[in-house]
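What follows is one structure encoded as structure tokens, with my remarks underneath.
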Amino acid sequence: MNLFSDIRSLVISSLEKLQSDGALPKGLNFENVTVEPPRDSSHGDMSTNAAMVLSKPSGMNPRDIAEALTVLLASDERVISADVAGPGFLNLRLKQDYWTSIIPFVIKAGVNFGRTTIGNGIKVNVEYVSANPTGPLHVGHTRGAVFGDALASLLDFAGYDVTREYYINDGGSQVDVLARSVYLRYLEANGQKVEFVDGTYPGDYLVDLGMDLKNKYGDSLVGKPESDWIAELRLFATEKMMDLIREDLALLGIQMDVFFSEKSLYGTGLIEAALADLDGKGLVYQGVLEPPKGKKPEDWEAREQTLFKSTKHGDDVDRPIAKSDGSWTYFAPDIAYHFDKVQRGFDQLIDIFGADHGGYVKRMKAAVSALSNEEVSLDIKLTQLVKLYKNGEPFKMSKRAGTFVTLRDVVEQVGPDVTRFVMLTRKNDAPLDFDFAKVQEQSKDNPVFYVQYAHARICSVLSKAENANIGIKANKFETLKHPNEMAVVKKLAEWPRLLELAAKHNEPHRLAFYLYELAGDFHALWNMGKEAPETRFFQENNPNVSSEKLAMVSAVKLTIAAGLTILGVTPIDEMR
RNA sequence: GCACCCGUAGCUCAGCUGGAUAGAGCACCUGACUUCGAAUCAGGGGGUCACAGGUUCGAAUCCUGUCGGGUGUACCA
């Protein structure tokens, strides 16, 4: 139930009536006609731009269209008044009982309030995290993990058929580095003194793996050449690391549907098949790239490589898919991976990258565009840096020394709910400050708390009412009249619309901001009960009025719960 | 050099498909607790939406250019 789309339907059907009456030309496109809450509530309850967007295509004055439209709209039983304002805005005031009809609907829908079918079962693949399997997830991965997971839930709620996917980069040279690092730990377990040089991973999360290897092989690998153990250790270490990463994700309540191994693309003909597809479209050639301008020309050497003509699909330069020695670049298996996604029948692909991978956006989009004949869309969302603080002081981390802040560190300190919500209080492409002290603070300064507190307050008053045997009214809300009460009810009515927009733009942070606003409207109403006792939700001597107000706050509670659930945050009943 | 992201109140940020007088929070000032949970609320001051052009009925939003910040820039993944 979306009151805004209901009224939009009314506007559209009224426009059609004007057409059949000859007051408006036929063949107009109504796609851009919107019905939305006006910025300033003094203008009315809902506002439509119909007259303005149809002015040019119909060749009519916007005010003339608006005037004709008001007559039809004003005759609808839900409408109190329809006025033309400004250049041709049409402002509607709607009856109180139309707004309050949302309340029983919310109560019936529960945490499914706002669930829609606009996704229409479209198959969407959301790929996120996809961290190298060389260590535990750190705080930067956490943001991508939370964002991707919330986005996946949001799309699911909006009626898409969602697959959550993780691409394991287990095919490249960083896995050799991992294997060598584990080998060093193995030597250490055998009593040798070792040094972690040039690019090996010094983190102590590999100590246990060294011990495991010692238990398995004794000292039989000590002093053996790399060729004897590297393949075995690669496999062993990546499996262990993926176990670790799966555990880390589970701490945040994240469960992937698919873990896709890069390695599985090698030696199976899949890379060759993807590149053959591009070749068949005339997009692969042998060539030499221009040197990049403004950067270390002294290192530059002209090399002939296999290139993908990504410029044909919007990229700035063509991209190498094979090195000069003939082996694949990183891009080649990535092309094959996205080819596989296309072949699995997804209608839309979404990749979540860290902002430091922004340079790959155009080439990946070019690849998907080429591979799918422009039929599958790829949206790439970049998540910006997370800056850590503790009481306002920056929190240093150094990957070189192996002392980075892990996902586990964060979740164990502040809990999964706080971690998730805070990560969503910024738009994905804006940097985020994460202060360990602040996010645990129980004050208005902390949006997680503020929203949870509203939910808990409602639970508290509902349980009081229950003890007094006062129920929740199911229809006919006649006493909800105060502007602050109506503000809350109207806010509730906005939820389905907001959800659709958030899903359409792939922006789950909008839910977090909405919940903060809804909680604010609720807290304001609550406090009003001090000065105006007749607005209190629970009034023992007036069960009828109470049951209406309690129904309203129940609806607020359920909407908060619905929103938090999509974001992966548990609503809390009590905070004492 | 080029590409992408960003520039909105003193600070941190929202701002919907281009829509009306640009909004929150923090901080600052003033007020509200014998309370349906004051961990909250009400009110106040605070803006050249980086700058300059353009598109149009209308621009923080779209286009071009300039300035400033971040990220990335051919045989790493």
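Note that these values count all heavy atoms, side chains included, but never hydrogens, waters or copies made by symmetry. The sequence lines fix the lettering, A, B, ..., with proteins before strands; numbering per chain opens at 1.
F522(A) has its ring centre no less than 6.0 Å from the ring centre of Y453(A). Centroid-to-centroid, the aromatic rings of Y450(A) and Y516(A) come within less than 6.0 Å. The aromatic ring centres of H43(A) and F89(A) sit 6.0 Å or more apart.
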Could you go over nucleotides 12-14 of chain B and give all protein N or O partners under 3.5 Å, atom names and distances?
residue: U12(B); atom: O2'; partner: R426(A); partner atom: NH2; Å: 2.7
residue: C13(B); atom: O5'; partner: R426(A); partner atom: NE; Å: 3.4
residue: C13(B); atom: O2'; partner: R426(A); partner atom: NH1; Å: 3.4
residue: A14(B); atom: OP1; partner: K427(A); partner atom: N; Å: 3.1

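A distance cut-off of 5.5 Å between ring centres, combined with a plane angle under 30°, places F89(A) in a stacking arrangement with the base of A20(B). An aromatic stacking contact between F537(A) and the base of C36(B) is absent, as defined here by ring centres under 5.5 Å apart and ring planes under 30° from parallel. In this structure, the aromatic ring of H43(A) is positioned over the six-membered ring of the base of A20(B), centres within 5.5 Å and planes within 30°.
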Q) How does RNA chain B look in dot-bracket form if you count Watson-Crick and G-U pairs under 3.5 Å, write [ ] for pairs that cross, and put | where a base pairs with another strand? A) (((((((..((((.....[...)))).(((((.......))))).....(((((..]....))))))))))))....
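Here S443(A) lies in heavy-atom contact (under 4.0 Å) with sugar-phosphate atoms only. A322(A) comes within 4.0 angstrom of nothing in the nucleic acid, heavy atoms only. Among the protein residues, K530(A) comes within range of the nucleic acid bases, having at least one heavy atom under 4.0 Å from a base atom.
Side-chain contact of N49(A) with T34(A): a donor-acceptor pair under 3.5 Å is present, judged by distance alone. For T306(A) and Q286(A), the side-chain atoms include at least one donor-acceptor pair closer than 3.5 Å. The closest side-chain donor-acceptor pair between Q348(A) and S377(A), if any, does not fall under 3.5 angstrom. Side-chain contact check for E165(A) and Y337(A): at least one donor-acceptor pair (N or O, by modelled atom type) lies under 3.5 Å.
Applying the 4.0 Å criterion to OP1 and OP2 of C76(B), one finds that K323(A) has a side-chain N or O inside that range. Taking only side-chain nitrogens and oxygens, Y450(A) comes nearer than 4.0 Å to OP1 or OP2 of C41(B).
For the pair E262(A) and N32(A), nearest-nucleotide mapping onto RNA chain B gives the more 5' position to N32(A). Of the residues near RNA chain B, P37(A) and N484(A), the one whose nearest nucleotide (by heavy atom distance) lies more toward the 5' end is P37(A).
Atom name C1', nucleotides G46(B) and A27(B): the rounded distance is 11 Å, in whole Å. Separation of the P atoms belonging to A50(B) and U8(B) is 6 Å when rounded to the nearest angstrom. Straight-line distance between the C1' atoms of C28(B) and G37(B): roughly 28 Å, to the nearest whole Å.
Of the charged side-chain nitrogens involved, none lies within less than 4.0 Å of a carboxylate oxygen, so that K427(A) and E507(A) do not count as a salt-bridged pair.
For L492(A) against P496(A), the heavy-atom pair with the smallest separation is O-CD, 3.8 Å.
Note on residues 301-334 of chain A: no pairs pass ring pair (Phe, Tyr, Trp, His ring centres under 6.0 Å), not counting sequence neighbours. Residues in residues 452-466 of chain A take part in no salt bridge (Lys or Arg N to Asp or Glu O under 4.0 Å) pair, two or more places apart or across chains.
Closest to the Q305(A) side chain, of the nucleotides A74(B), A20(B), A24(B), is A74(B). Side-chain proximity of Y516(A) to the nucleotides A24(B), U21(B), G15(B) is greatest for A24(B). For R510(A), counting side-chain heavy atoms from C-beta on, the closest listed nucleotide (C76(B), C16(B), U40(B)) is C16(B). When the nucleotides C16(B), C36(B), A42(B) are ranked by their closest atom to the side chain of W526(A), C36(B) comes out on top.
Under a cut-off of 6.0 angstrom, the local environment of CD in E540(A) is sparse, with at most 12 non-hydrogen atoms contributed by other residues, nucleotides or ligands. Counting non-hydrogen atoms of other residues, nucleotides and ligands closer than 6.0 Å to NZ of K438(A) gives a total of 12 or fewer. Atom CD of E531(A) has 12 or fewer neighbouring heavy atoms from other residues, nucleotides or ligands inside a 6.0 Å radius.
The base of A20(B) sits within donor-acceptor range of the side chain of N91(A), with an N or O pair under 3.5 Å. The base of U71(B) does not come close enough to the side chain of D356(A) for any donor and acceptor atom to sit less than 3.5 Å apart. One can find a donor-acceptor pair under 3.5 Å joining the base of A20(B) and the side-chain atoms of S47(A).
D316(A) places its CG atom 11 Å from the C1' atom of G72(B), with the value rounded to the nearest Å. Atom CD in Q384(A) sits about 13 Å away from atom C1' in G7(B), given to the nearest Å. In this structure, Q452(A) atom CD and U40(B) atom C1' are separated by 16 Å, rounded to whole Å. Atom-to-atom, CD of E540(A) to C1' of C36(B) comes out at 9 Å; the value is rounded to the nearest Å.
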Q) Taking protein heavy atoms under 4.0 Å as touching, what does nucleotides 54-65 of chain B look like 5' to 3' if B marks base contact, S marks sugar-phosphate-only contact and - marks none? A) ---B--B-----
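For RNA chain B, the residues of residues 361-368 of chain A within the heavy-atom distance limit of 4.0 Å (strictly under) are K362(A), sorted by number.
Of the possible polar contacts, none joining the N484(A) side chain to the L525(A) backbone as a donor-acceptor pair under 3.5 Å is found.
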